[in-house]
Asker: 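Before I ask anything, let me first share the structure, which is written out below as structure tokens.
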Amino acid sequence: MQQVFTKAMARNIFLGGAVFFLAIYLALTYDTWQRIPIRDHADQMTPAVLRGKYLLDTNDCIGCHTINGEGAYFAPELGNVYKRRGPDFIKAWIQSQPTGVPGRRQMPNFHFTPDQLNDLVAYLQWLSNIDTNNWPPNIQG
Amino acid sequence: MKYQSQAVAKPYFIAALALFVGQIVFGLIAGLQYLYGTFLFPELPFDVAHMSHTNLLIVWLLMAFMGAAYFIVPEEAQTELYSPKLALLTFWVFLTAGALTIAAYLFVPYAHLAAITGNAVLPTMGRGYLEQPLPTKIGIVLVALSLLFNVTMTLIKGRKTSINLILVGSLWGLALLFLPAFYFPQDTVKASFGWWWIVHGWVEGDWELILGALLGFILIKMTGVDREIVEKWIYIIVAMTLVSGIVGIGHHYYYTGAPSYWIWLGSIFSALEPLPFMLLIAFSFKMLLARRREHPNKAAMLWAMGTPIMAFLGAGLWGFMITLAPAQYYMHGTNFTAAHGHLAFFGAYAMVSLAIISYAMPLLRGRVANSAAAQRWEMAGFWIMVLSMIGIALALTGAGIVTVVLQRAAADPMPFMQVQDKERVFFWLRELAGVGFFVGLLVYLRSFFISGEYEYAGEMKRALAT
């Protein structure tokens with residue numbers, strides 16, 4: 001086998017395979033890029049939604065929570081929290097942090113203004129309408 | 001050590017191990033916060049402990065990879081490193097930037113850090129593993145450019161072995177794959193899709209090439225097996241990595257808003273991702289059996305043989321468990337993923353780093369191998385760390401099972417925090433295993449402080465006497 005299957009052949013499979021599958025991936029990515037705005041209703045990304053997203057990012061929310069399953073597993077899923085809790089509960093909850101209950105996991109208070117809370121909720125509402133192939137399996141996330 | 005300039009690898013390896021200690025400390029803190037949520041709050045919220053834990057992991061692995069590159073590339077190229085001074089300067093820049101970044105995490109609130117580092121101009125912060133402020137990210141690119149320049153110039157003027165071509169090529173890939181960190185689309189689904197170019201591209205693609213090159217180098221040196229055979233195996237292994245892994249990225253796209261065809265594509269190709277790890281095991285043990293010499297550095301051989309097995313367990317087996325779309329529907333975003341992440345990062349990348357450190361450090365300290373006593377400490381550290389990490393993975397898997405049963409697949413699903421309460425026993429087991437791991441790390445580090453080199457005559461006498 002050593003004579004039949006040489007190192008040069010192995011190298012060519014490596015290079016050829018890499019180029020071939022990279023080309024396939026790039027073509028699929030191009031197609032995905034066209035479809036994502038439809039699946040996540042990108043036309044509904046209002047300035048408030050984008051401001052809310054910026055607040056989520058710059059306060060490292062995914063350092064504890066998940067968004068569509070991605071992030072840390074310390075605190076509940078945010079992708080569908082709008083549907084689970086509704087806007088008023090979410091705002092009241094964020095404002096009342098930290099609970100200070102002994103031993104319970106604590107969320108910091110980020111001192112958001114009422115406008116910022118509205119932006120956050122707008123973003124969470126937009127998130128909850130993304131077509132995620134019916135994930136999560138139920139409202140508990 | 002064949003070339004003087006290989007010595008620049010030493011500070012990289014030492015710093016890697018120091019940062020490794022830091023990573024474990026933050027891991028223990030974060031793990032304890034799962035059980036006592038008020039522990040160190042509000043001084044050190046969970047997210048800060050968590051990002052310090054994951055970022056230190058990345059930084060110490062990069063330190064180890066860079067040290068490995070500065071050690072291996074000159075030896076393979078059979079020439080001195082192009083610029084040892086640049087390599088040393090780069091080391092201090094990287095270490096300082098890394099330390100400043102962790103200090104900023106600890107002492108500056110994240111939103112404030114974003115405000116003072118220009119995140120509004122070019123948003124990059126707030127993504128997993130990529131929490132670093134903009135100046136740090138730019139610093140990482142500069143450090144990578146310096147490394148690439150140095151090793152590429154060394155390669156150009158020297159011998160071009162396949163090991164070296166794969167190693168230097170994959171370092172270029174590592175740097176290129178980091179560039180999407182500067183592209184953070186406002187569309188969350190696109191942002192998640194692109195985030196995986198970096199994370200999946202590194203750990204399920206490019207870094208497997210680095211792993212292959214490092215392991216190939218170690219085995220050529222330690223077993224004396226013909227280079228042509230080793231390099232052919234490595235090419236086959238890394239070919240399988242990319243054939244399965246490039247489209248296999250689809251297993252991150254099932255439930256994040258990407259089109260449904262990824263469910264099929266991701267399931268089929270990612271199901272093949274364990275194959276390169278199986279080949280890696282076959283290769284390593286074949287080389288071990290075909291060895292033409294008995295290398296006195298038994299500890300390095302233990303790391304080299306342990307790496308493919310643990311990488312297969314963590315990346316291959318635990319990865320496969322959550323990769324098929326119907327299974328992931330229930331397991332996505334649970335501690336199943338954390339179990340896989342811990343075992344795979346440790347089994348593949350931490351262990352191959354410790355393998356090259358184990359092989360190279362004695363040489364950098366002027367001996368072929370450490371004394372038998374030092375090696376006993378190192379091998380004890382190996383076993384304690386490996387078994388503890390398996391314990392961490394099993395405990396997190398237990399927590400994942402509870403989430404799936406009570407929260408994801410239940411007829412009457414329970415809320416997140418109630419489910420977390422039911423998992424306390426597993427979080428305790430994880431924390432205990434974490435303490436075990438820390439003890440293993442200290443035992444391992446102890447081996448560096450036992451002086452002396454391997455004494456052939458003494459060891460032979462002892463072996464004959466028993």
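Residue numbers start from 1 in every chain, and the chains themselves are labelled A, B, ... in the order their sequence lines are given, proteins ahead of strands.
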Asker: Would you say that more than 12 heavy atoms from the other residues, nucleotides or ligands in this model lie under 6.0 Å from the CZ of A:F20, or not?
Answerer: no

Asker: Identify which part of A:R35 has an atom lying under 4.5 Å from any heavy atom of chain B, answering side chain, backbone, both or neither.
Answerer: side chain

Asker: Against chain B, label A:R104 side chain, backbone, both or neither, depending on which of its atoms sit under 4.5 Å from a heavy atom there.
Answerer: both

Asker: Who in residues 68-78 of chain A is close to chain B, using a strict under-4.5 Å heavy-atom cut-off?
Answerer: A:N68, A:G69, A:E70, A:A72, A:Y73, A:F74, A:A75, A:P76

Asker: So which residue, B:V247, B:T403, B:I166, B:V238, ends up with the most heavy-atom pairs under 4.5 Å with chain A?
Answerer: B:V238

Asker: Using heavy-atom distances under 4.5 Å, tell me whether A:I13 contacts chain B through its side chain, its backbone, both, or neither.
Answerer: both

Asker: Relative to chain B, which segment of A:D31 carries a heavy atom at a distance below 4.5 Å: side chain, backbone, both, or neither?
Answerer: both

Asker: Side chain, backbone, both or neither: which part of A:W33 has an atom under 4.5 Å from a heavy atom of chain B?
Answerer: both

Asker: Specify which of B:A120, B:A409, B:P109, B:P259 makes the most heavy-atom pairs with chain A at under 4.5 Å.
Answerer: B:P259

Asker: When heavy-atom pairs shorter than 4.5 Å are enumerated against chain A, which of B:T241, B:V419, B:T188, B:D421 gives the highest number?
Answerer: B:T188

Asker: Heavy-atom cut-off 4.5 Å, strictly under: side chain, backbone, both or neither for A:Y54 against chain B?
Answerer: side chain

Asker: Where on A:L127 is there a heavy atom nearer than 4.5 Å to chain B: the side chain, the backbone, both, or neither?
Answerer: side chain

Asker: Is chain A contacted by the side chain of B:M414, its backbone, both, or neither, given a heavy-atom distance below 4.5 Å?
Answerer: backbone

Asker: Considering only heavy atoms, give the residues of residues 40-50 of chain A separated from chain B by less than 4.5 Å, sorted numerically, with 'none' for an empty result.
Answerer: A:D40, A:A42, A:M45, A:L50

Asker: With a 4.5 angstrom heavy-atom cut-off, is it the side chain or the backbone of A:N109 that approaches chain B, or both, or neither?
Answerer: neither

Asker: Quick check on the interface: out of B:A410, B:G250, B:S260, B:G128, who has the most heavy-atom pairs with chain A under 4.5 Å?
Answerer: B:S260

